[in-house]
Amino acid sequence: MKDIPVEKNLVDLFFRRTLYGFAVLAFLLLGGLFVFLIDLGLPAFKEVGLGNLMSLEWNPPLKSFGILPFIYGTLVSSLLALVFSTPISVAAALFLTEIAPRRIGAVFGFLVEMLAAIPSVVYGLWGLFVVIPWLRTSVEPFLRKSLGFIPLFSGPIYGVGMLAAGLILAIMITPTITAICKEVFGAVPRPLKEGVLALGSTRSEMLWIGVVSSSRSGILGGMILGLSRALGETMAVTMVIGNTAEISMSLFAPHQTMASAVASEVAEATGVHLSALGVVGLVLLLISGCLFLFLRWSLRKGGYSR
Amino acid sequence: MMTPSPALLEVKGLKAYVESTEILHGIDLGVSRQEVVAFIGPSGCGKSTFLRCLNRLHEETPGGRAEGRVSLEGQDIYASGTDPVRIRRRIGMVFQKPNPFPSMSIFENVASGLRLNRIAKGVELEARVEAALREAALWNEVKDKLDASGMSLSGGQQQRLCIARALAVKPPVLLMDEPTSALDPVSTAKIEELVIQLKKETTILMVTHNMQQAARISDRTAFFLYGDLVEYGPTTKVFTTPSDRRTEEYITGRFG
Ligand SMILES: Nc1ncnc2c1ncn2[C@@H]1O[C@H](COP(=O)(O)OP(=O)(O)OP(=O)(O)O)[C@@H](O)[C@H]1O
Ligand SMILES: [Mg+2]
C-alpha cells in the first residue's frame with residue numbers, strides 16, 4: 001500500500017469532521033427542542049395534573065387547561081383539508097402529466113407551484129374577506145338546508161369556523177400534494193401504460209388503472225406530507241377558524257387548533273397558562289413527529305418494484 | 001390474381017413514422033387463421049413497430065403515426081372513425097418485458113381484461129381466469145396464491161401471467177414481441193409449447209431473435225430489414241431455400 005499524499009488526507013479529514021459536526025448539531029437541536037418543551041410544560045403537569053390537561057375545558061382564568069379542543073381542532077381541520085385537497089391534487093397532477101399539452105402543462109404546473117410561495121397571512125386575508133362571506137351567505141346556508149339532518153351541517157352559522165379553516169388549509173396544501181403526485185405519475189413506466197391500453201382500455205381507464213392505482217403508495221406519501229403541513233399551519237388558520245376552544249360536531253362552529261392557540265395566547269400567558277401552552281406545543285411536535293415516521297415507513301414499504 | 005383471400009389479417013402499403021422519420025417503408029403481408037408467423041431481422045429494423053401498428057399502439061408513441069391499410073377480418077382498422085379501443089380488444093399483446101399491473105393481485109391481473117371489456121363477472125369470471133392461467137401453464141404454480149401481488153412472481157412466471165391476461169379475453173389475434181428474450185430455457189420451452197397449443201384457436205404473430213425458435217414453432221416467417229419486408233413465406237422454405245440472398249446471409253449469421 002502506498003501512502004496517500006498528506007494534504008489530501010487532511011482535507012478529507014476536515015470535511016468529514018465538519019459534516020459529522022453538522023449531523024451532531026442537528027441531533028442536538030432536535031433534542032434541545034424536546035427538552036425545552038418538556039421543561040416548559042412540566043409545571044402544568046405538576047400544578048393542575050394530567051386530568052385537567054386532558055379535559056374538554058380550556059379556560060385559563062378558571063384554571064382549566066384542557067387541550068383536547070385544540071387537538072380536535074387541529075386534527076379535524078387538517079383531515080378536512082386533506083379530504084378537499086386530495087381529489088383536486090390527483091386530478092391536477094393527472095391533467096398536468098397526462099392530458100395537458102406540454103406547454104400548457106408547464107404553465108399550469110408553474111402556477112400551482114406559485115401557490116406554495118404565497119405567504120400564509122395573504123391566504124388568511126383572502127379567507128377572511130372573500131371565502132368567509134361566501135361561506136356565510138351562500139355555502140353554509142345551502143348545506144344546512146339540504147343536509148342539516150347530519151350533525152356536521154347543523155347549528156348556527158358564523159362564517160368563521162372549521163369549514164373555513166379546512167378550505168383555506170386545503171388550498172395551502174394542494175401545491176404540495178400535487179407536486180408529489182406529478183412526480184409519481186411521471187415515473188409510471190410507459191410499458192405499463194401501454195399494457196393497459198393494449199387490453200382495450202379507454203384513455204380514462206388507462207389513467208385510473210395504469211397511473212393512479214399503481215401510484216397508490218406515492219399518493220399516500222403526498223397526502224401525509226400535505227397533512228403535516230396542515231397540522232402546523234398557524235397564521236391563516238388563526239385568522240379564519242374563530243379561536244374558540246370548543247368541540248362541536250358542526251363544521252360551521254368556531255374552533256381552535258394547537259398551533260393557533262399557542263400563537264394567539266402566548267403573548268399574554270404567564271405561569272401555568274404559559275406552561276400549558278408548552279404542553280400544547282409538545283403534543284403538536286409529537287404528532288408531527290409520529291406522522292413523519294409513518295411517512296418514512298410507508299415510503300419504504302411502498303417501494304414496490306415495477 | 002383476385003381470388004378472395006382467406007386472410008384474417010391483411011396489410012397493404014403500411015408505412016410508419018416517428019416524427020418525420022419513416023420507419024416502415026410500405027409493408028404488404030397477409031396472415032391466415034390458425035397460423036403462427038415469426039418475424040425475424042436485425043435490431044432496429046422495425047419488427048416491434050410493425051406489430052405495434054397492428055393494434056394501433058404505435059400511435060401512442062410520441063410522434064408516432066401510421067399510413068396504409070390494415071384489415072382485420074375484412075375491416076380496415078385505420079379507417080377514419082375506427083376506435084382503437086375496439087381494435088385492441090380483439091388483438092392481444094404480450095410485451096418483451098413482462099408488465100403485470102403492480103397494484104393488482106395475480107387473479108386481478110388476469111381478470112383485468114375481462115372486467116375492462118365487461119365480458120364476464122362472478123363465477124364465470126373465476127372460471128375464465130382459471131382457464132387462462134391453465135392455458136398459460138401457470139395455474140399449478142399460482143393456484144394457492146391468487147391474491148398475491150403479480151409482482152411477487154419470477155420473471156418467467158410474470159411473462160406467463162401477462163400471456164394469461166392477454167388470453168383471458170380470447171382474442172382472435174395475439175401479438176408477441178420477443179416474449180422469451182428475458183427468460184430461462186425452461187420458461188422459454190413452456191411458452192413455445194403454449195404457442196403451438198394456442199394455434200388451434202388464436203393466430204399468433206411473434207417477433208424473435210432466436211432462429212431455432214422461429215424454425216420450431218412458426219408456419220411462416222417474415223424477414224424484415226431496414227424497414228422493408230424482404231422475404232415472407234413458409235418457414236421451411238425461408239430457412240432452407242430463401243429466395244433473397246440477404247435472408248440467407250442473415251439466417252446463416254453471415255450478415256453485416
Ligand atoms: N420512440 C421512438 N422514437 C424514435 N425512434 C424510434 C422510436 N421507437 C422506435 N424508433 C426507431 O424505429 C426503428 C425501428 O424500431 P423497432 O423497435 O421497431 O425495431 P425492432 O426491429 O423491434 O428492433 P429490436 O429487434 O431491437 O427490438 C429504429 O430505428 C428505432 O430507432
Ligand atoms: Mg423490438
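Throughout, a chain's letter reflects where its sequence line sits, starting with A, and its residues are numbered from 1. What you see below is based on every heavy atom in this structure, not just the backbone, and it leaves out hydrogens, waters and symmetry mates.
- For the pair A:Glu205 and B:Arg115, the salt-bridge criterion is not met [side-chain N within less than 4.0 Å of a carboxylate O].
- Shown here is B:Trp139, whose CH2 atom has more than 12 heavy atoms of other residues, nucleotides or ligands within 6.0 Å.
- At a 4.5 Å heavy-atom cutoff, the contact between B:Phe95 and chain A is made by side-chain atoms alone.
- Other residues, nucleotides and ligands contribute more than 12 heavy atoms inside 6.0 Å of the OH atom of B:Tyr17.
- Contacts of B:Pro171 with chain A are absent, with no heavy-atom separation under 4.5 Å from either backbone or side chain.
- A distance of 9.5 Å separates CG of A:Leu197 from CD of B:Glu59, quoted to the nearest 0.5 Å.
- With hydrogens and angles ignored, the 3.5 Å screen pairs no side-chain donor or acceptor of B:Arg88 with any backbone N or O of A:Leu199.
- B:Lys143 NZ: more than 12 foreign heavy atoms inside a 6.0 Å radius.
- Pairing each heavy atom of B:Val85 with each of A:Thr202, the nearest pair is CG2-CA, 3.9 Å.
- Between A:Glu194 and B:Arg52 there is a salt bridge, with a side-chain nitrogen of the basic residue lying less than 4.0 Å from a carboxylate oxygen of the acidic one.
- Scanning all heavy atoms of the two residues, the minimum distance from A:Ile209 to B:Met104 falls at CG2-CE, 3.3 Å.
- Counting heavy-atom pairs closer than 4.5 Å to chain A, the top residue among B:Val169, B:Leu116, B:Asn99, B:Leu175 is B:Leu116.
- Summarising the geometry of B:Pro100 relative to A:Leu192, their closest heavy-atom pair is O-CD1, 3.8 Å, with the distance given to 0.1 Å.
- Counting only heavy atoms from C-beta outward, the side chains of B:Pro62 and A:Arg190 approach each other to under 4.5 Å.
- The nearest pair of heavy atoms linking A:Arg216 to B:Ser103 is NH2-O, 3.1 Å.
- For residues 176-189 of chain A, the set of pairs meeting the salt bridge (charged side-chain N to carboxylate O under 4.0 Å, His left out) definition, not counting sequence neighbours, comprises A:Glu113-A:Lys182.
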